[in-house]
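First up is the structure itself, then whatever we jot down about it.
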Amino acid sequence: MTDKIKEYIAEAEAFTTANKEELEAFRIKFLGKKGILNDFFAEFKNVPNDQKKEFGQVINNLKKAAESKVAQIQEAIESKEEAKGVYGDLTRPGEPFAVGSRHPISIVKNQIVDIFSTIGFNVSEGPEIEDDWHNFTALNLPEYHPARDMQDTFFIQTNPDVLLRTHTSSVQVRYMEENKPPIRTISPGRVFRNEAISARSHCIFHQIEGLYIDKDVSFADLKQTLLYFTKEMFGKSKIRLRPSYFPFTEPSAEIDIYWGLKTETDYRITKGTGWLEIGGCGMVDPNVLTNCGIDPVKYNGFAFGMGVERIAMLLYGIGDIRMFYENDVRFLEQFKSSI
Ligand code: PHE
């Protein structure tokens with residue numbers, strides 16, 4: 001009988017499967033209630049006393065062999081299942097990645113940068129936290145100048161010399177301080193004004209300002225540059241420069257483009273005039289050139305500035321400026337195709 005048991009031990013040790021049902025059949029065959037082991041245990045009482053010890057040992061060996069086999073195969077099967085859980089069915093078709101989209105402000109900013117780069121303008125950037133000199137004083141806005149009130153400024157409470165820039169003209173000052181004419185640069189960036197938030201204005205928005213400094217630059221050069229831009233950007237070929245005032249330009253003008261009066265929306269956004277204001281411009285004031293280390297007798301030039309949000313609102317028909325900052329995915333998703 002011991003030989004028979006040893007054969008079973010060999011069988012149990014050789015057993016292998018990757019299948020749960022086969023493993024269960026094996027377990028029942030050896031360790032089940034009516035299994036081989038129980039049969040042998042039942043035999044135990046019939047074994048002569050002098051053989052009981054050896055018999056007992058061999059059955060125990062069979063029990064251990066069967067039990068450890070079941071445990072070992074079970075573990076192997078489970079770890080395989082775990083791996084399946086991580087990778088899933090490797091033959092399944094892949095799931096598409098959720099592709100993000102560029103923010104409409106970035107799309108429009110990039111478009112403007114591209115348009116000006118084809119006529120030789122480079123891009124310049126500067127700090128959002130500025131000092132008084134670069135944001136105001138160098139731009140012909142000395143302390144107590146009433147025009148400082150035109151731009152409600154966020155100051156850093158403890159130090160009136162530190163503020164959040166109210167326009168990217170500050171970048172132009174920095175650029176003129178560091179570079180010699182001829183200068184052709186545009187300065188895109190975020191600006192800050194202490195204004196009430198509404199559908200039309202926000203305390204944080206984006207500007208693109210342009211600066212052209214060379215010998216014998218004329219107002220006609222300014223107008224042609226702006227006309228070229230509005231044609232490229234909006235497909236509109238009529239602009240008008242309306243006299244205005246900025247401390248850093250003389251003469252100064254507001255830039256209007258003729259939008260037309262075809263649809264109801266055209267009437268609404270142009271207030272029935274057909275004309276839309278998109279920014280300010282002018283010939284750089286000689287004082288500003290002097291402040292920035294450029295000789296105003298030798299050089300002159302023009303500057304212009306416009307709001308990126310306003311242009312994006314016009315291009316995409318967006319009625320509320322606050323939508324740009326809410327990061328609502330339903331809004332942002334609509335710009336996927338515009339990248
Ligand atoms: N810096 C002006 C503003 O933010 C815009 C401007 C730029 C006007 C350049 C004229 C020339 O309002």
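Remember, it's 1-based here, ligands and their atoms both numbered in the order they're listed.
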- Task: Compute the minimum heavy-atom distance from Q172 to ligand 1 and say whether it is under 4.0 Å.
- Result: no
- Task: Would you tell me whether S244 and S252 have side-chain atoms, one donor and one acceptor, within less than 3.5 Å of each other?
- Result: no
- Task: Find out whether the Lys NZ or Arg CZ of K223 is both under 6.0 angstrom from the six-membered ring centre of F219 and within 45° of the ring's axis.
- Result: no
- Message: Please state which option from E209, R193, Q207, E254 has its nearest heavy atom closest to atom 1 (N) of ligand 1.
- Response: E209
- Please indicate whether any nitrogen or oxygen in T166 is less than 3.5 Å from any nitrogen or oxygen in ligand 1. no
- Quick look: F248 vs ligand 1, heavy-atom contacts under 4.0 Å, and the answer is side chain
- Item | Heavy-atom pair with the smallest gap, counting every atom of L241 and A253 | CB-CB, 3.9 Å
- Message: Within ligand 1, which atoms have a heavy atom of F246 less than 4.0 Å away?
- Response: 8 (C), 10 (C)
- Enumerated ligand 1 atoms positioned under 4.0 Å from heavy atoms of S169: 1 (N)
- Please test K4 against E7 for salt bridge (charged side-chain N to carboxylate O under 4.0 Å, His left out), starting from the C-alpha separation and ending with a verdict. CA-CA 5 Å; K4 186 80 196 143; E7 265 173 42; 3.7 Å; yes
- Task: Just let me know how C281 lines up against ligand 1, side chain, backbone, both or neither, with a heavy-atom cut-off below 4.0 Å.
- Result: backbone
- Using side chain to side chain donor-acceptor pair (under 3.5 Å) as the criterion, point out the one residue from E177, Q172, R165 that pairs with H134. E177
- Task: Would you check if the side chain of E309 reaches a backbone N or O of H206 as a donor-acceptor pair within less than 3.5 Å?
- Result: yes
